[in-house]
Amino acid sequence: MKYSRVLTIAGSDSGGGAGVQADIKTISACGCYAASAITAITVQNTIGVQSVVGLPIEAIEGQMEAVLSDIGADCVKIGMLHSSEVIHCIAKALRKHKIEKVVLDTVMVSTSGHRLIEESAIETLIKELIPLATVITPNIPEAEILLGERINSQEDLIIAAQKLARKFNVSVLLKAGHLTNDLLTDYFYNNEKQRSLALTSKRLDTPNTHGTGCTLSSAIASMLAKGYEIEEAIQKAKEYLTGAIEEGANYQIGHGHGPVCHFWNLWE
């Protein structure tokens, strides 16, 4: 028997709700084997990010090489990348090991509004990593940075997803969480088949939404690693996240934005 293997390349969250910690929980809950390459250590909790400390490039390269040369990966999930140098080395590793399935969570701004990527790194991300991605998963502020235009409504979302896909030649899951609607519809644009998929869910009145982007992208990577086609992988990942938000809605951890309940699908 073989595990479905997912390598997450992302920052560490000391609070445990997002980043590599959320990725490992999600990948495990979705029935896959989780390995990691940590790019940075964030000093954060439920209230916010206090600081970001990047790891040396040699350490990041070493982690990726150790995992990919031995364990391998059926899919790679990429999260917070704070500098151009980090992006360079990740793109190099993906090409070297011929990784075919890549979920790129274009992390640029934290839930609390803290900028998590250097300005110069955005162009490097666009040039080097997006072309290697199977799907990118921006939220609205990140999509606005990538497009250079505002997204103000649910109606804007589907157009923006198509524009992103055509601009960068990649499939796009554009998340609606920053809108104020009671019903939120994320849009997935399948660039290969040139069609849209709407994923609608009710907004829950809960502060426990920290790490939802990390969780969703890791769930997508898990489903792709297990062999699902991209649209089914997106749907199953969205169902997993919706359940995690619903089950974690009434828990209280910390004094700010708590995490979702990653193992909801395994609890009695």
Side-chain angles (χ1 to χ4, degrees), residues 6-27 34-71 73 75-97 99 102-133 136-139 141-143 145-146 210-218 221 254 256-257 259:
V6 179
L7 169 61
T8 170
I9 305 172
S12 169
D13 171 9
S14 53
V20 165
Q21 286 83 347
D23 296 343
I24 291 173
K25 293 173 188 177
T26 300
I27 294 162
S36 64
I38 295 173
T39 59
I41 296 171
T42 66
V43 179
Q44 68 172 298
N45 50 28
T46 64
I47 299 170
V49 180
Q50 284 79 58
S51 65
V52 178
V53 181
L55 268 64
I57 296 298
E58 295 78 10
I60 300 170
E61 289 176 332
Q63 292 175 86
M64 291 188 296
E65 184 61 28
V67 172
L68 293 174
S69 64
D70 176 33
I71 298 168
C75 188
V76 170
K77 176 263 165 106
I78 302 173
M80 191 188 80
L81 310 174
H82 56 284
S83 71
S84 292
E85 291 76 15
V86 172
I87 295 168
H88 281 306
C89 80
I90 292 171
K92 181 180 176 182
L94 295 178
R95 289 192 295 264
K96 176 182 176 181
H97 291 278
I99 302 299
V102 177
V103 178
L104 176 58
D105 188 13
T106 50
V107 179
M108 298 178 189
V109 184
S110 71
T111 303
S112 57
H114 192 282
R115 192 66 173 257
L116 297 174
I117 187 171
E118 296 173 1
E119 194 68 35
S120 60
I122 295 174
E123 193 61 33
T124 310
L125 185 82
I126 291 169
K127 288 182 177 178
E128 296 207 23
L129 270 187
I130 289 181
L132 299 177
I136 63 172
T137 61
N139 59 29
E142 291 155 358
I145 291 171
L146 291 170
H210 181 51
T212 50
C214 305
T215 299
L216 180 58
S217 56
S218 292
H257 290 283

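The figures here come from the full heavy-atom set of this structure, side chains too, leaving out hydrogens, waters and symmetry mates.
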S.K.: Nearest 0.5 Å, what's the CD1-CD1 distance between Ile38 and Ile9?
M.R.: 12.0 Å
S.K.: Looking only at non-hydrogen atoms, find the nearest pair between Glu142 and Val107 and report the distance.
M.R.: OE2-CA, 3.5 Å
S.K.: Can you tell me how far apart OG1 (Thr42) and NE2 (His82) are? Round to the nearest 0.5 Å.
M.R.: 11.5 Å
S.K.: How long is the straight-line distance from CE of Met64 back to OG1 of Thr39, given to the nearest 0.5 Å?
M.R.: 9.5 Å
S.K.: Is it the case that the side chain of Ser14 and the backbone of Gln44 share a donor-acceptor pair, with hydrogens and angles ignored and the cut-off at 3.5 Å?
M.R.: yes
S.K.: Hey, could you give me the CG/OG1 distance between Asn139 and Thr106, rounded to the nearest 0.5 Å?
M.R.: 7.0 Å
S.K.: Would you mind reporting whether Val86 and Ile57 have side-chain heavy atoms less than 4.5 Å apart?
M.R.: yes
S.K.: First locate atom CG of Leu146, then atom CG of Leu125, and finally report the distance between them rounded to the nearest 0.5 Å.
M.R.: 7.0 Å
S.K.: For a 4.5 angstrom cut-off between non-hydrogen side-chain atoms, does Cys214 reach Met80?
M.R.: no
S.K.: Looking only at non-hydrogen atoms, find the nearest pair between Ala22 and Gly17 and report the distance.
M.R.: CB-O, 3.3 Å
S.K.: Might you point out which heavy atoms bring Ala10 and Val20 nearest each other, and give the distance in Å?
M.R.: O-CG2, 3.4 Å
S.K.: Report yes if the side chains of Ile27 and Lys77 come closer than 4.5 Å at any heavy-atom pair, otherwise no.
M.R.: no
S.K.: Val76 and side-chain contact (heavy atoms from CB on, under 4.5 Å): which single residue from Ile99, Val6, Val67 fits?
M.R.: Ile99
S.K.: Does Gly16 offer a backbone N or O that forms a donor-acceptor pair with the side chain of Lys25 under 3.5 Å?
M.R.: yes
S.K.: Is the closest side-chain donor-acceptor distance between Thr26 and Ser218 under 3.5 Å?
M.R.: no
S.K.: Could you walk me through whether Leu7 and Ile71 pass the side-chain contact (heavy atoms from CB on, under 4.5 Å) check?
M.R.: CA-CA 9 Å; Leu7 169 61; Ile71 298 168; over 6 Å; no
S.K.: I need the single residue from Leu132, Ile90, Val103, Asp105 that forms a side-chain contact (heavy atoms from CB on, under 4.5 Å) with Ile78. Which is it?
M.R.: Ile90
S.K.: Looking at CD1 of Ile122 and OG of Ser84, how far apart are the two atoms once the value is rounded to the nearest 0.5 Å?
M.R.: 9.5 Å
S.K.: Does Gln63 reach the main-chain N or O of Ala59 with its side chain, forming a donor-acceptor pair under 3.5 Å?
M.R.: yes
S.K.: Under a 3.5 Å distance rule, please check whether Asn45 uses its side chain to pair with a backbone N or O of Ile47 as donor and acceptor.
M.R.: yes
S.K.: What I'd like to find out is whether the side chain of His97 reaches to under 4.5 Å of the side chain of Glu65, using heavy atoms alone.
M.R.: yes
S.K.: Measure across Gly256 and Thr46 and return the closest heavy-atom pair with its distance rounded to 0.1 Å.
M.R.: N-OG1, 3.0 Å
S.K.: Go through it in stages, so that I can follow the logic: the residues are His88 and Thr124, the test is side-chain contact (heavy atoms from CB on, under 4.5 Å), and I'd like the CA-CA distance, side-chain angles, deciding distance and then a yes or no.
M.R.: CA-CA 8 Å; His88 281 306; Thr124 310; 4.0 Å; yes
